[in-house]
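Below, chain A is the first sequence line, B the second, and so on; all start at residue 1.
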There are 2 protein chains.
Amino acid sequence: MATIAQIQDMALFRGLTAEQLQELASIVVEKTFRRGQTIFREGEEGKGFYVVGFGKVKIYKLSRDGKEQILHIFGPGEPFAEVPVFAGQCYPANAEALEESRLWFIPRVGFIELIRRQPSLALNMLAVLSRRLRQLAALVEDLSLKEVPARLAAYLLYTADQKGSLEFDLDIPKTQLANLLGTTPETLSRLLSRFAKEGFIESSGPKITLLDKKGLQALAAGLRRLPA
Amino acid sequence: MATIAQIQDMALFRGLTAEQLQELASIVVEKTFRRGQTIFREGEEGKGFYVVGFGKVKIYKLSRDGKEQILHIFGPGEPFAEVPVFAGQCYPANAEALEESRLWFIPRVGFIELIRRQPSLALNMLAVLSRRLRQLAALVEDLSLKEVPARLAAYLLYTADQKGSLEFDLDIPKTQLANLLGTTPETLSRLLSRFAKEGFIESSGPKITLLDKKGLQALAAGLRRLPA
DNA sequence: CGGAAGATTGATCAGTTTCAAGCTCCGTGG
DNA sequence: CCACGGAGCTTGAAACTGATCAATCTTCCG
């Protein structure tokens with residue numbers, strides 16, 4: 001059970017009446033997870049979806065031999081695992097808390113009832129899924145059409161933009177970043193060195209400073225190639 | 001303008017009243033495309049979505065230097081390009097007719113009105129997008145965690161299953177298949193030879209015969225490796 | 001202080017792409 | 001009717017990107 005104040009802040013639930021918010025609050029279940037704890041596994045039956053209260057959650061696929069590809073990382077306010085609510089009923093990927101996290105679980109049945117009675121909620125959810133599709137299409141594009149240096153450059157630029165500063169700390173461990181970029185920790189490490197050697201960035205531990213934004217943009221677009 | 005009979009056959013529109021079907025039919029616009037014709041390009045504003053009447057449509061991303069990654073191939077009855085209807089307004093990828101195709105175009109504004117008044121339509125659309133997300137997640141998994149032989153084996157098994165026979169014709173040119181699998185025509189050609197040499201398949205031109213389904217399944221799962 | 005997890009570095013290797021050339025099939029025009 | 005020409009496909013050799021394996025180093029808690 002969550003408070004109405006917490007719920008009505010979230011974009012997904014914009015447009016609901018006070019009454020409907022109340023109804024929603026009454027079916028929401030709060031769950032907390034420790035760092036590293038599994039939230040659900042691919043193939044498990046999904047009886048509802050989640051919204052992140054605080055913390056960070058990764059959604060990922062695993063290969064037979066344990067290699068991991070992260071599909072998304074979700075933070076506060078973001079819903080995830082909606083797919084089994086509307087199609088199939090099993091989760092299409094795994095979910096794990098990257099840090100101590102508080103999640104709200106919204107059961108399928110009650111939520112679908114709510115959608116039936118409130119078209120704006122349906123449209124909000126359609127918007128969420130559409131944005132998700134856009135993101136996944138971009139991930140496919142990155143993995144298939146771009147090289148690792150381009151992906152890393154794009155990630156650094158994006159993160160700097162998010163943080164609003166050229167100097168920032170990576171907010172996930174480098175191993176996780178490697179998995180998100182579809183590469184290995186070794187390759188990531190080498191690339192950061194090369195970026196630094198070429199004067200694109202400065203880096204020490206999780207701290208990154210972008211020195212040459214134009215250059216990184218050219219790398220991200222595949223216009224420039226990194227010297228061996 | 002489409003006939004009601006055509007429309008009500010499609011899963012997406014299951015559950016609409018006769019009146020609503022009539023209304024839908026009145027806003028639908030029929031468009032035809034020749035083989036190879038562009039339907040829309042990434043970044044263009046999208047004023048609605050499409051449903052395939054007959055023909056085949058590919059949705060794809062392009063890299064700066066012209067490499068192509070196909071995201072989906074849609075056939076009769078399947079809707080596509082819904083993303084700009086609900087989020088953003090520009091198409092996230094390109095669309096091209098793979099053969100002579102008749103499409104129905106459903107304008108954004110009228111459709112959203114319809115959704116507001118008919119929850120079952122919203123739920124149907126949520127199901128469509130959810131399935132799409134599942135497919136894209138699977139594509140990411142394939143591209144990132146599996147090798148090309150595994151993807152090809154999976155594709156052949158899937159196609160045989162679709163066609164209901166171990167002997168079938170590829171229904172897209174091999175160049176397109178290579179783009180769908182995230183590889184090149186050369187690699188695809190070599191792999192088909194190797195598959196044949198190892199006795200997994202027989203192939204001549206577009207005709208494929210699966211000889212060793214178990215073996216292909218092992219390849220697809222990454223359990224077996226192809227000899228050099 | 002000890003130990004484990006994460007990060008770095010070096011050497012090697014495998015899978016796939018790229019470039020280049022030749023082939024096959026087919027529709028077209030002489 | 002046959003020759004031409006082009007698109008798609010195949011094949012070979014070379015190059016490259018990124019992965020893997022292994023060892024070392026660092027960090028950060030308990």
Starting from [atom2] on [N], measure out to [atom1] on [X] and report it in whole angstrom.
| X | N | atom1 | atom2 | result |
| --- | --- | --- | --- | --- |
| A:Arg35 | D:dC29 | CZ | C1' | 12 Å |
| B:Leu143 | C:dT16 | CG | P | 12 Å |
| B:Leu219 | C:dG15 | CG | P | 13 Å |
| A:Leu170 | D:dT27 | CG | P | 16 Å |
| B:Asp142 | C:dT16 | CG | C1' | 17 Å |
| A:Leu145 | C:dT18 | CG | C1' | 16 Å |

>> One thing to verify: whether B:Glu167 and B:Lys207 come together as a salt bridge, which I'm taking to mean a side-chain N less than 4.0 angstrom from a carboxylate O.
In response: yes
> Does the gap between the ring centers of B:Phe49 and B:Phe111 come in under 6.0 Å?
Replying inline: yes
> Just checking, B:Lys31 and B:Phe105: is the charged tip under 6.0 Å from the six-membered ring centre and within 45° of the axis?
Replying inline: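 Output yes; distance and angle both within limits.
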> Is A:Glu42 close to A:Tyr91 at the side-chain level, that is, under 4.5 Å between some pair of heavy atoms?
Replying inline: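 No, their side chains stay 4.5 Å or more apart.
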> Can you give one letter per nucleotide of nucleotides 9-24 of chain D, going 5' to 3': B for a protein heavy atom under 4.0 Å from the base, S for sugar-phosphate only, - for none?
Replying inline: SSBBB----SSBBB--
> Taking all atoms of both residues into account, what is the closest heavy-atom pair of B:Ile59 and B:Ala93, and its distance?
Replying inline: CG2-CB, 3.8 Å
> If you look at every heavy atom in A:Leu180 and A:Ile172, which pair is closest and at what distance?
Replying inline: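 Heavy-atom minimum between the residues: CD2-CD1, 4.4 Å.
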